[in-house]
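In what follows, every chain begins at residue 1, and chains take the letters A, B, ... in the order their sequences are listed.
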Amino acid sequence: MRRLEIILSRFVWFIPTLFGLLLVVFLIANVVPTDPARIIAGENATEAQLAILRAQLGLDEPIYVQFFIYVRDLLSGDMGRSLYTQREISDDLLRRLPATMELTLVSITLAILIGVPFGVISAIRANTWVDQTLRVISVSGLAVASFWFAIELQLFFSTRLGWMPLNGRIAGFGPERITGFLLIDSVITGDWASLRSAMWHLILPTLTLALPAAATLLRFTRAGVLEVINSNYVLYETAMGFPRALVVWKYVLRNALISTVTQIGLIFGTLFAGAVVVEAVFDWPGLGTYAVQSILQSDTKAILGFSILVGVVFIGINLLVDIVHTFIDPRMVK
Amino acid sequence: MTRPPILTVRNLNVRFPIRAAFGRKVGEIAAVDDVTFDLGDGEILGLVGESGCGKSTLGKTVMGIQQPDSGDIVFEGNNVAGQSPKQARAQRSRLQYAYQDPGASLDPRWRIGRSLEEPLIIHTDLGGKARKEKVSEVLASVGLPKSHLDLFPHEISGGQQRRVGLARILMLNPRVVILDEPTAGLDVSVQATVLNLFRDLREKFDLTYMFISHDLSVVQMMCHRVAVMYLGRIVEIGRTEDIFNNPQHPYTQSLLAAIPRINGPRVTENFWLKGEPPDASRLPQGCRFQSRCPHVQPLCLAEDPPLRSHGAHAAACHFAGEVSPPRTKESAQ
Amino acid sequence: MSQPLLKVDGLSLGFRGDGGFAHILDGVNVTIQPGEIMGLVGESGCGKTTLARAVLGVLPRNGLQIRGGAIRLRDIDMLSHEPAEVGRQNRVRGRKVTFIPQDPFTSLNPVLTIGEQIDDLMKWKSPLRDPDERSYWPTLLRPYPRAARKADREKVMETLDEVQLPQPAQILKKYPHEVSGGQRQRLMIAMALLPEPELIIADEPTTALDVTIQAQILGVLRKLASDRGVAVMLTTHDLGSAYEICDAITVMYAGQEVEAAPVGSFFNAPAHPYTAKLLASRPDAGGSMTGIPGELPNFYAPPAGCRFITRCDRATERCTIRPEPTRFAAGHVARCYHPLTAPESDRKEKRA
Amino acid sequence: SRYVHANNSSYDTLDPHTVFDVARVASRLNFYDGLYRWVDNPPELIPWLATGHEVSEDGLTWTFTLRDDVPFHDGRMMTAEDVVYSVERMLAIARGSAALFLPVLDPGNTVAVDEHTVAFTLKEPSALFGSFVADLLVLNSELVKENEVDGDWGQAFLTENVAGSGSFTLTRYDPALGFIGTRFADHFAGWGENYLDEIEFRTVLETNTRIQGLMRGDYHGLDGYLAPDQVQRLRASDAVQIFEEESMRVFYFAVHNGREPMDDLNFRKVLAHAFDYDGYINGIMQGTVARNPTINPNNLWGVPDVEPYTYDLDKAREYLELVEGPIRTLRIGTLAGFSETEQAAALLQNGLAQLGINVEIESAPWPVVSSNMQDPDTMYDMVPLWKSTYYADPNNWVGELYGSRYAPTRNASAYHNPESNELLEEALVETDQARRAELYEEATRIIYEDAAGIWIYNTKWFGPYSSRLQGVRFSPVGNGQDMRWAYFED
Amino acid sequence: MKAIRILLTDRAATFGSGIILFLVAVAILAPWIAPHPGDVNTFHLMNRLQPPSAENLFGTDRMGSDIFSRILFGARITITIAVIAVGVAVIIGVPIGLLAGYYGGFLGGFLMRTSDVFLAVPQIVLAIAIAQTLGPSLENVILALSLTYWPFWARLVYAETRALKNQTFVEAAIALGASDFRVIVLHILPNTASAIIVRTSIGMGATILTAAALGFLGLGAPPPTPEWGRMISESREYLPEAWWYATAPGIAIFLVVMGFNLLGDGLRDILDPKTRRRGGK
Ligand SMILES: Nc1ncnc2c1ncn2[C@@H]1O[C@H](COP(=O)(O)OP(=O)(O)OP(=O)(O)O)[C@@H](O)[C@H]1O
Ligand SMILES: Nc1ncnc2c1ncn2[C@@H]1O[C@H](COP(=O)(O)OP(=O)(O)OP(=O)(O)O)[C@@H](O)[C@H]1O
Ligand SMILES: [Mg+2]
Ligand SMILES: [Mg+2]
């Protein structure tokens, strides 16, 4: 099986990349000489208290030993405790992951639903006013600072018009936590009010996040379709009298999607990153808010954990994209 | 025509590994397989064969762009096979390779003049003015106006690109030029002028050509001797008249039969050669032509025939000289 | 003489671009009789592909301007923009007229299996049914009934066999990159034959292939076309290939047909100096080949009269007036004031 | 009836011995009880789990009598053992309020005299111990012990669970969101006629969102200390009432007295006269705060009667002439995300610029600033910040910030004056209130005259609540988040 | 000169370069064209949060300073960040990509794996981590951005170099006996130039957005620096009443990023003959 081999070889890269990532992030996190013991102890710390804490944390070890210990712990799923909150970082991250995932998944779905069809339309109407308009919109979509856009949306739709909820994922605490995805949990528990509320709360944040993603997808789909549409096989299919819709939406799109799929993997990463600021604006209780809080508290270990989780998710998604790639592009498997 | 060889190739082998994921080697392509031939001083040796049979690889290996796995290449008395890049560089001014696609061999961002000067800058100490003189001199000899010096490669036609490619090679007064498919993709009308140019230049600069082509009629017209390659191996080599009038290898016979001859019989309707060459990475045991040969015998499946010579003419077939092309309807008439 | 299958009548078209209007085709006339294999030859860039694409209705739309003339396939106006006519054209394309492209390597969709592409072809173009009839299904969702598919499959297998594709069942499951160039071109021939067309447009179907494969492919094409009585318009710049399979040949130069003749008189008694020069440029023409000095005229500002005037050694003052086709024999016409053989009218006069 | 409170920092743990900051006071006040409790303003300590206490002659042994009618949420009754366990736990994990106790109390020195009596033996006499006991929150020791893992004192358990006797029981907790509590009907202190059935404390990080949520009715209360602009906005809304209270949160510049040029009294006077107090208080704070001339909050005792320093560049110039040599570029550290510190720094930068002194502002997150401040080498030249009330005693301000015994941690100013030190030390062991007031007044005056810092204002607390909410009892220690007294009027 | 004329044939590029030129002009001339040039550091506390007027075109901020003037000075910071960060990224990334692409082998593999590591995390996350540990300041933002962005150029140049190395004209140059240095510097680098230029233009836009996001998160330059992202972050406390506070810097960011994107887009069309549009309407 060639496909299995390709997937496996991608997977093998996963490990050194991850290790490199760990090393880089760990080094970054340890450049600055903040004293974690002091951070834990807080502003009223006494020397006696600090001594106790330093012993607890094993901070006297040399840095490579600390790195070794960190990696060892990480392998058993332990990211250590937050310097500031003393909570298990992995716990915190996993608890917030569904919120961010829900946000990014809905956003990317939205982005695909908008970006891909409009990209195709833009390409088949290349250089007409439709195309020009879509181009202006997509270039603008990429130029807007998402935190600013989020604020303006919030100001307009929530504050001024009062149509949308201001912030959060849901009114109240929502349905019982099963998967952590509110949309799913509220369906499982049959809590339709929560489902409505959760969907309502999703609108503005996903809109903010999906805008640049949709713009990117639009541009890539457009370029992909344009390239394909001038190819010999499209000429052939057209000359053979295949219906236009079939040629465009099946034959052309399938090919154009190959490059778009790679892009979706990368976009997912950008969305995750974009979530950092968008969540901050909408008080979305996800990884982004967690990261911002950790930043404000200088919680190096939590940021370390966050970066690694995002890295893993990002690498994982790209791995997935590679795998999907082998399915939609048969030439890969040759 | 027996001239002292200027270039001798002996038992040359070039293999390309096929790698799977993890860089695992899953096979290899014998692009050049135990090739031996001489190139006489001043002669034109044609090299024909199907696409992918290793013509370019052979040319590039002789030139030193490609490293051989084994074998000898003796040029002007020195064995240049496996030379270090530095030594090879010194050799290269005397042995030149004209690319299959001359347009692509010119840097798209450089004006023609600059591209032509480059070999002089690399290999000589000529001053700017002397270089310019040399450039215009050579340019004139390939029949291009001086104004072309300021153009970019994409601004001139395919035929002109070929001329520029030649001019660039001629800058260094080479002895041997390997012409890789010098007329592929040209219209017959342009092709004719280009071929005439080759002849003129050969006279003027006293050149030896290795003429790679898959167009047999061109080869017939241009070359003194012809080598026919099939899947990395020279299957037949000899003087042009001998090859064309008395082909001994069934592949050569098919190849000749495949050329449409105006006012001759139409061959295509009953062309006997079936199928396509096997995958170069999975050569069968025995003769490599067995899967398509109309005369295949048990011996052919068992043993790989060596290149056996009959005088100046050699063929790699167990039954060389014994087989003749199958009779077709028209030729029977 | 029977009614021609295809008649291109004074077709003039070009493209408006940065450098002005490029007058690519200038009053081209081409006639193909039913069941006839017609070769369209000429130098690179003289408009062969453009003509083929015009017939197929797939010219690039960017800057395209059709200045005059007509293309008629039997009684169907292939250039008309009347909605009813466009509907008829669409029923014709891929059905009555099919296409064999130049490059079998890039003309099949790389991400779909060959079988899937053939299925789509048959779903829409099978001669056994008319899938174009009114349907409530949007194009993409239109069903492909099991029974129809089965019947089509049988036909497909038969045809693949006819083009001498080994193991056709396996090939249908493969992707285009998994089969060799020769096999792909056989596939394209099969696909061109499947809808049982009356005319196949083959644009340099063998230039990308080796001589031995070319010989095989041309053989298949010739045999099947004559067996089924399909007309073929074969575009090529290899006169040898044209000789091999054509019944008649039309030479194009710089967007005009300069000579059209049955294959015999074309090679033995060419009338137009360009044809003669083209023949003389062949390396196997014996000993000295003479090229044709000079280049194609600029399409943005072509010469007003004979377009070959810039490269012709017989040109006179008169040639600055555009020559019209003159008849030399049955089916043999050329545009030239100074032909190499006497026109029919001259000969009649002499006899008279 | 359900009360929803929007808080600006997250409730990442419910462990009452881990958190000690003002921002997360709600979980401590509403789920747990201490021996005493702060109520009202000015803050008053009332007996709570304890009915009273006695101090031995030498001031070392403190004996508390406990109530015998206190049920925990699971129904078990509280005993002295629970108090002992809680104290030992607090000292062992050495976090949060342990900072108050560790200097005076060693582990193992707390004993249960009988089922309802607890005795503490201190290392040294302490006038303050009495005010610390409000922070001695008592755990249901049996429940915690059941949930100990590897001798962790139940830390894992208490992070997300409650083992207390407080006015509310925990119903829902999510560290990313906050918590929900339900009224504990059996609470020992009983309930008034009106009360809240449920309280929800949510984390809403963005100030603007909190304010709009309150105006829209999504929330019924916010943490106080709003910027004046926000107070104005809220005042304009009918749905909102604002409680205005004098609080004891002093805003000042911590100045590094141990480093040149600030080690020169004249230069410190330059600084004291280079800050635009009026501009800041009336412009940026829009008059919502009161000028506070010394480090001790005006509304506490122990405040000397002194003339505040004024913004007077001429005077500053005079002092500057007395300072030798060119002045280097000064470095001010501000707290990222706290715009008032940034604005104050920018204002001082501007004032000093007019005197020809360059200032660089460096913004960093609080933990970074805080850890930098604790070492005289890494301490900035100046840091604008607040000093909040951990216990309502002048030692919380003048003692901790300028007393040598707290250097270099809480006294980050590197200020060492034997004269004031002696007074502060004496006040720590003195038990006579009048005498203590005198001692603090004197010490504070000395420090004032030394211009050891730039003291700016005492914060007012603006408690924004839904206009339907009644009965809130504000105390500077609890910030009005002790919800057992509040109710909605219908 | 010719380059400029070609540039002007593309509407997007013309518009984009217009915006950027305008920005540069504004940045240089800020002290002269700003109505209140002193407002970067001086305050008018009694004039806080005033809506736009003739005196203060875009209103005033929390310190009573003129937002219009501060935006003009902010352009300097934006340009500094973009130019230095992207410049450093290019200077690091391009040679690495060239070397790795040309020589391949262990060195190339190692360099590219290293860049993979940096690309494994979304750039802003890494920038946050770096800026956070180093402390918020302009220099650190620039450092963080350079450290996180170089792999983009390394990757790009690597891919281009790999492709170019297989091109006949490079092989031909080697066959002629040209040295590695000559091949890399005279043949390969100029042929990657257009890709680098396009990427750099678009990279500028992305960098400005990331820098603004860092400023918004409080990791950028300290106050009272008139950095645009920080101004938006400051404004949040005063919204929605002071609606003008966030509007101006938001639009400024939008315009500049759009300028770079349009320029990049246009350059792509101009420099890549494949996508060059033919024909009229
Ligand atoms: N760098 C390479 N790596 C791997 N395989 C190669 C390489 N170069 C050539 N080959 C393979 O070696 C064989 C011979 O190739 P070569 O280019 O020499 O053929 P050719 O006869 O010149 O063909 P053409 O007529 O198409 O130019 C082919 O199968 C080709 O795929
Ligand atoms: N869209 C277009 N715009 C402008 N010129 C065009 C366009 N399409 C084709 N041409 C020009 O029209 C001329 C005829 O092209 P065409 O492809 O029909 O020639 P051809 O005879 O098929 O040549 P070849 O043998 O190379 O395939 C060429 O000079 C070409 O450059
Ligand atoms: Mg070759
Ligand atoms: Mg063509």
Okay, side chain of [X], backbone of [Y]: is any donor-acceptor separation there less than 3.5 Å?
| X | Y | answer |
| --- | --- | --- |
| S201(E) | F260(E) | yes |
| W110(B) | D107(B) | no |
| K55(B) | G49(B) | yes |
| D279(B) | S281(B) | yes |
| R175(B) | R94(B) | no |

R199(E) charged N/C atom sitting above F152(E) aromatic ring, 6.0 Å / 45°:
yes

Can a salt bridge be assigned to the pair [X] and [Y] using a cut-off of 4.0 Å between side-chain N and carboxylate O?
| X | Y | result |
| --- | --- | --- |
| K165(E) | E171(E) | no |
| K132(B) | E117(B) | yes |
| D180(B) | K60(B) | no |

Residue part contacting chain E, namely of [X], when any heavy atom lies under 4.5 Å:
| X | result |
| --- | --- |
| Q100(B) | neither |
| I65(B) | side chain |
| Y97(B) | neither |

May I ask you to list the residues in residues 156-172 of chain B that approach chain E closer than 4.5 angstrom, counting heavy atoms only, ordered by number?
R168(B), L172(B)

Of all of Q96(B), H154(B), R109(B), H123(B), which one pairs up most often with chain E through heavy atoms under 4.5 Å apart?
R109(B)

Tabulate, in ascending numerical order, the residues of residues 174-187 of chain E having at least one heavy atom closer than 4.5 Å to a heavy atom of chain B, or enter 'none'.
I174(E), A175(E), L176(E), G177(E), A178(E), S179(E), R182(E), L186(E), H187(E)

Do the side-chain N and O atoms of Y149(E) and T210(E) include a donor-acceptor pair separated by under 3.5 angstrom?
yes

Do P119(B) and R131(B) touch side chain to side chain, with heavy atoms closer than 4.5 Å?
no

